[in-house]
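Read the structure below first, then the notes.
If you're wondering where the values come from, they're calculated on a predicted model, not measured in any experiment.
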Amino acid sequence: MLIKKILITCCAAASLLGGAAQARDTLRVGTEPTFAPFEFMDTKTREFVGYDIDLIRAVADKAGYDIEVVNMGFDALIPGLAAGSVDVVAAGMTITPERAERVDFTKPYYTVGLSMIVKKEDAGRFPDFKSLANQPIGVQIGTTGADKARGIPGARVQTFNGTNEAFMALTVGHVSAVIHDRPVLSYFMKMQPRAAKNMKLQPVLEDSQQYGFAVRKGNAALLEKLNKGLDAVRAEGLDKKIHDKWFAQ
Ligand code: ARG
């Protein structure tokens, strides 16, 4: 399952110490990178970046692994674990009872709630989730935001593969609101002021949810290593540093 990666030690010091080749396994980490600041593509370097990417890299490092990030649709992540095409999911994935039947989650690593953005001109009309009855609502496929939207009476839920497409649908008026995890909505409002110019993030915050990294159901060995890695990262305060890097601007 794991790809063996041979790291050739190339520096003189290592060979002096008698270090020949060192092997470290690589964890294949599945994510859906339209979820800034947790995971997104750096437009310049074309690398996967974000809070989750830094955190899983640090956790994997403590567990003795390198990582390789694999780009997937959000709804393909859990099937990807089952099929063995990735070893871990790091995708701002909320721990839910339904998902916990299909995968095993690490300890929670982040807590969020759901919120919504609307067009500025509609801010008075659509202050909260229940005001969205009978409205078209944009969500990302397979998310807890999609579940929330489906629970609103008469809502016409439009699912999009990426978060960006849902924002676009709001811009062009195909939907009245986008429901998603609040930190992602607020990062969008702050970091993309032009796109968000005519939008308003509503104060509503519901459904406290916790993110966990997921592994294939029954992969107890990897789960334990990741949980221990998470403890070690926390003990060193690395999680706080990573948090500051992505949230303290
Ligand atoms: N927390 C929400 C969920 O689990 C949304 C996650 C979306 N993540 C992503 N990488 N697009 O359903």
Side-chain angles (χ1 to χ4, degrees), residues 1-7 21-33 35 37-39 48-114 140-147 181 183-184 207-243 246:
M1 205 110 313
L2 299 173
I3 304 163
K4 264 282 192 248
K5 200 171 170 189
I6 308 297
L7 295 178
Q22 269 181 20
R24 228 162 107 107
D25 286 325
T26 297
L27 278 184
R28 294 161 307 164
V29 176
T31 199
E32 192 289 318
F35 201 64
F38 294 98
E39 45 267 340
F48 297 93
V49 294
Y51 179 89
D52 286 346
I53 307 297
D54 284 347
L55 188 64
I56 192 64
R57 185 176 285 117
V59 166
D61 179 59
K62 294 290 179 203
Y65 296 102
D66 292 326
I67 64 163
E68 175 200 333
V69 182
V70 182
N71 187 345
M72 301 172 86
F74 190 73
D75 55 341
L77 292 167
I78 288 182
L81 278 180
S85 46
V86 289
D87 303 303
V88 188
V89 163
M93 186 173 275
T94 301
I95 302 171
T96 67
E98 300 75 41
R99 288 174 180 161
E101 281 176 14
R102 303 167 66 198
V103 297
D104 286 331
F105 284 104
T106 61
K107 301 177 188 178
Y109 66 84
Y110 207 88
T111 302
V112 301
L114 292 175
Q140 185 176 27
I141 191 164
T143 58
T144 49
D147 294 341
D181 300 26
V184 171
D207 294 355
S208 175
Q209 309 191 348
Q210 294 187 307
Y211 294 165
F213 300 121
V215 300
R216 185 170 44 80
K217 189 103 204 128
N219 193 350
L222 182 57
L223 192 66
E224 194 191 329
K225 285 185 194 169
L226 294 179
N227 276 328
K228 284 202 173 129
L230 199 52
D231 289 343
V233 161
R234 285 188 175 140
E236 250 179 62
L238 289 176
D239 57 328
K240 288 205 185 59
K241 284 200 184 125
I242 295 171
H243 188 270
W246 294 105

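- Under the 30°/60° scheme for interplanar angles, the aromatic rings of H243 and Y110 are found to lie parallel.
- The CG atom of D104 lies 12.5 Å from the CD atom of E224; values are rounded to the nearest 0.5 Å.
- The structure places CZ of F213 at 6.5 Å from CG of L230, a figure rounded to the nearest 0.5 Å.
- In this structure, NZ on K217 lies 10.5 Å from CD1 on I78, to the nearest 0.5 angstrom.
- One side chain, D52 or Y109, offers a donor N or O that lies under 3.5 Å from an acceptor on the other.
- A heavy-atom distance below 4.5 Å is not found between the side chains of I56 and T31.
- Screening V89, V70, V86, V103 for a side chain to side chain contact (heavy atoms under 4.5 Å, CB included) involving L77 leaves a single residue, V89.
- Distance check: T26 OG1 to I67 CD1 gives 9.5 Å after rounding to the nearest 0.5 Å.
- When only modelled atom types and interatomic distance are considered, Y211 and D181 share a side-chain donor-acceptor pair under 3.5 Å.
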Using side-chain contact (heavy atoms from CB on, under 4.5 Å), reason through D54 and W246 one step at a time and then give a plain yes or no. CA-CA 10 Å; D54 284 347; W246 294 105; 2.8 Å; yes

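- Atom CZ of F38 sits about 13.5 Å away from atom CD of E32, to the nearest 0.5 Å.
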Would you please test D61 and R24 for side-chain contact (heavy atoms from CB on, under 4.5 Å) and show each step? CA-CA 10 Å; D61 179 59; R24 228 162 107 107; 2.7 Å; yes

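- Within the 4.5 Å cutoff, side-chain heavy atoms of K62 are placed close to those of L238.
- Taking 4.5 Å as the limit, every side-chain heavy atom of L222 sits out of range of all side-chain heavy atoms of R216.
- Between Q210 and F105 there is no side-chain heavy-atom pair separated by less than 4.5 Å.
- Put simply, CE on M72 and CG on L81 are 8.0 Å apart, with the number rounded to the nearest 0.5 Å.
- Remark: aromatic rings of F74 and F35 are distant, center separation not under 6.0 Å.
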